[in-house]
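Scroll down for the structure; my scribbles are underneath it.
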Amino acid sequence: MSSNEAPQVTNFIYQIVEKDLEQGTHGGKVVTRFPPEPNGFLHIGHAKSICLNFGTAQKYNGVCNLRFDDTNPEKESQEYIDAIVRDVEWLGFNWAGDIRYTSDYFDQLHAWAVHLIKQDKAFVCQLNAEQMREYRGNLTEPGKNSPYRDRSVEENLELFEQMRAGEFAEGEAALRAKIDMAAPNMNLRDPVIYRVRKAHHHQTGDKWCIYPSYDFAHGQSDAIEEITHSICTLEFEDHRPLYDWFVDNLPVPAKPRQYEFARLNLNYTITSKRKLKQLVDEQQVTGWDDPRMPTISGLRRRGYTPAAIRNFCDMIGVTRSNSTVDMSMLEAAIREDLESAPRAMCVIDPIKLTLTNYEEGQEEWFEVPVHPKDETLGHRLVPLTKNLLIEREDFAMEAPKKWKRLAPGFAVRLRGSYCVTCEDVITNEAGEVVELRCSYDPATKGENPTDYKPKGVIHWVSADNSIPCEVRQYDRLFTEANPEADKERSFTEFLNPESLQSFPNARVEVGMANAAIESSYQFERQGYFCVDPDSTEERMVFNRTVSLRDSWAKQSKG
RNA sequence: AGGGGUAUAGCCAAGUUGGUAAGGCACUGGAUUCUGAUUCCAGCAUUCGUAGGUUCGAGUCCUGCUACCCCUGCCA
């Protein structure tokens, strides 16, 4: 089955499943589900849940359903459903059968609500929201019974039917489970299971004006789908007794079990749908798919691959303890996946370099490997001309110690081409360097010079034959590791003003002309970049997915 | 005097009949390199929140304490 070399990923969920399989708990079946509410876009935290749910099913020859938990029509929409479906597919997972909706089960859920009433385990309560809060008590004091708690079964049946028929306004009546107002677990203090919402539902239209609550809908939906392991996040732990109470008190076809794991926290970003939506609504970002967003669609546009995200989810593990994963883990995952990407040269912030001893109008094409270690990828052709462009930061008027780039009198290799020596530096009135005049060494084509040693290798592009483009470099979205930590200040106050830096004068090598939208490349010595959908025939746009590891940057900083 | 959880290196995380601390990220060397990348080698917890106890032996068992997270929506 599995090679003994592959690092074995395990976690407490897998162990539970293995034990259940051993004991035949669910008849040897494994059925999980990913149950997003369509009220926003999926983010990296959801990816963890998706990988866990689909991954568990895959690993144990089970299946995983995709079910939209759509019990709150006021906050949900088809737009989100479409985006979520796209993201799950893009991540590379297949759900069993059709897409499901909790709303598919509204008839059954309603019937079960009636069943509870008939068992005298639910009642229609007409306390308003404020009164209900008062009656609920608080963390240390027990609540007290609603004055409506002892209505007869017949009366409850009739009132619930009136709720269904639209005879109550929102907030005027709610169906509540009759459990225990003194329970230390607040979720058991006669929770609301059906409420009036006179809203159009994206799936069921205007068929209903009452909607089941999450607590009432979720476990029963799991039972209907015969989910064996209902995996959710830690904050639902207190809901488990309620989850079980419904399953035990209703004639459901199966007995699903709920297990909780810790949600993902990533530093320098946020993983809250509500707050992400706020950034979109306030136009702090360009949209849900802004490359700076930790959303699946944002990561995708940034250049992250499904394989990298899945691998990241394996790296971080699954536990019950809250933790915050370092961004560098996500970056390590994408670097690992993109190492095999084709290479290209792009000068992001150009400065002129003129080959003094090269003839004007002459053009020489160099064959450069697409990948330094994978010759099966073949070669690309890069033109050299008299007028070149190199990276501004690859030149220093006064070279620091260990400088492996250009400086007056220094010789470097132009990657894939000749070695050049900087003989002259032209500056403008402001004292800024505007041009480097260098001589090239014709003897260094494919050969190392014998009488001197170039300081290093730099990337370059022909000024006459290269493609103008825009390069967008991204940095962390927030300046604080935990932007949500400050109780006084909004997380938006910690947005990083330098999270996007655009370079409009960049130039890529000509061979990039036909690069497809979303395809990834390594711009040598700089990082991994992908073609942004904003690209047009006239102007390509590249997003920097992640920089290369840079030991020089660390060293030179101190 | 509420209930439910969690505590292993800077970060994530293995550790499950008690037997003497996996792995990854990050970091630090050093080798190779026409990418200061990749790759490769080497290093990186006498110690498992804390104080006691049981035991020949405890991250693993017992007791006390501490810290942090979640719960008072007709949200999920």
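To the nearest 0.5 Å, atom OG of residue Ser520(A) and atom OH of residue Tyr528(A) are 10.0 Å apart.
Contact annotation for Asp69(A): backbone-only contact, meaning every heavy-atom pair under 4.0 Å involves sugar-phosphate atoms and none involves a base. The residue Gln522(A) sits close to a base: some heavy atom pair falls under 4.0 Å. Contacts of Arg133(A) with the nucleic acid, taken as non-hydrogen atoms under 4.0 Å apart, involve only primed sugar atoms and P, OP1 or OP2. Counting non-hydrogen atoms under 4.0 angstrom, Leu127(A) reaches a base of the nucleic acid. Residue Val368(A) is out of contact with every strand shown, counting any heavy-atom pair closer than 4.0 Å. Residue Arg240(A) is classed as having no contact, given no heavy-atom separation below 4.0 Å to the nucleic acid. Backbone-only contact: Ile316(A) has heavy atoms under 4.0 Å from sugar-phosphate atoms and none from a base. Residue His218(A) is classed as having no contact, given no heavy-atom separation below 4.0 Å to the nucleic acid. Base contact: Phe236(A) has a heavy atom under 4.0 Å from a base atom. Residue-level contact check: Gly446(A) touches the bases, meaning some heavy atom is under 4.0 Å from a base atom. Using a 4.0 Å heavy-atom distance criterion, Thr319(A) is classed as a sugar-phosphate-only contact. If you check every strand for non-hydrogen atoms under 4.0 Å, Pro372(A) touches a base.
A sub-4.0 Å separation between OP1 or OP2 of G3(B) and a side-chain N or O of Arg189(A) is absent. Residue Ser551(A) places at least one side-chain N or O closer than 4.0 Å to OP1 or OP2 of A37(B).
Counting distance only, with no hydrogens placed and no angle test, the side-chain atoms of Asp238(A) and the base atoms of G3(B) include a donor-acceptor pair under 3.5 Å.
Atom-to-atom, CD of Glu524(A) to P of G36(B) comes out at 10 Å; the value is rounded to the nearest Å. Here C68(B) presents its P atom at 21 Å from CZ of Arg263(A), a figure rounded to the nearest Å. The interatomic distance linking Lys453(A) (NZ) with G36(B) (P) rounds to 12 Å, in whole Å. Going from atom CZ of Arg197(A) over to atom P of G73(B) covers 14 Å, rounded to whole Å. Across the protein-nucleic acid pair, Met329(A) atom CE and G24(B) atom C1' stand 6 Å apart, rounded to whole Å. Distance CD (Glu336(A)) to C1' (G23(B)): 13 Å, rounded to an integer number of Å.
Across U16(B), C11(B), A76(B), the shortest atom-to-atom separation from the side chain of Gln15(A) is found for U16(B). Of the candidates G24(B), C74(B), A37(B), G24(B) carries the atom nearest the Met315(A) side chain, counting heavy atoms from C-beta on. Among G24(B), A76(B), C11(B), the nucleotide with an atom closest to any side-chain atom of Asp326(A) is C11(B). Of the candidates C75(B), G2(B), A26(B), C75(B) carries the atom nearest the Glu37(A) side chain, counting heavy atoms from C-beta on. Out of U6(B), A76(B), U35(B), the shortest distance to the side chain of Glu235(A) is found at A76(B). The side chain of Arg405(A) has G36(B) as its nearest neighbour among C71(B), C34(B), G36(B). Side-chain proximity of Ser213(A) to C74(B), U38(B), A76(B): nearest is A76(B). Closest contact between the side chain of Ser321(A) and the listed nucleotides U35(B), U6(B), C25(B) involves U6(B). Picking from U35(B), G36(B), G2(B) the nucleotide with the shortest atom distance to the side chain of Lys402(A) gives G36(B). Nearest nucleotide to the Thr10(A) side chain, out of G2(B), U35(B), G15(B): G15(B).
Across the interface with RNA chain B, nearest-nucleotide mapping of Thr444(A) and Arg320(A) shows Arg320(A) to be the residue nearer the 5′ end. Taking the nucleotide of RNA chain B with the nearest heavy atom to each of Thr324(A) and Tyr528(A), the more 5' of the two is matched to Thr324(A).
Ring to ring, Tyr259(A) and Phe12(A) are not that close: their centroids are 6.0 angstrom or more apart. Aromatic ring centroids of Tyr211(A) and Tyr194(A) lie 6.0 Å or more apart.
Using Watson-Crick or G-U wobble geometry with both donor-acceptor distances under 3.5 Å, G64(B) finds its partner in U50(B).
Not one N or O on the side chain of Glu484(A) forms a donor-acceptor pair closer than 3.5 Å with the backbone of Ile270(A). Counting only distance, with no hydrogens or angles, the side chain of Asp70(A) and the backbone of Ser103(A) share a donor-acceptor pair below 3.5 Å. A donor-acceptor pair under 3.5 Å links the side-chain atoms of Arg392(A) to the main chain of Pro350(A), judged by distance alone.
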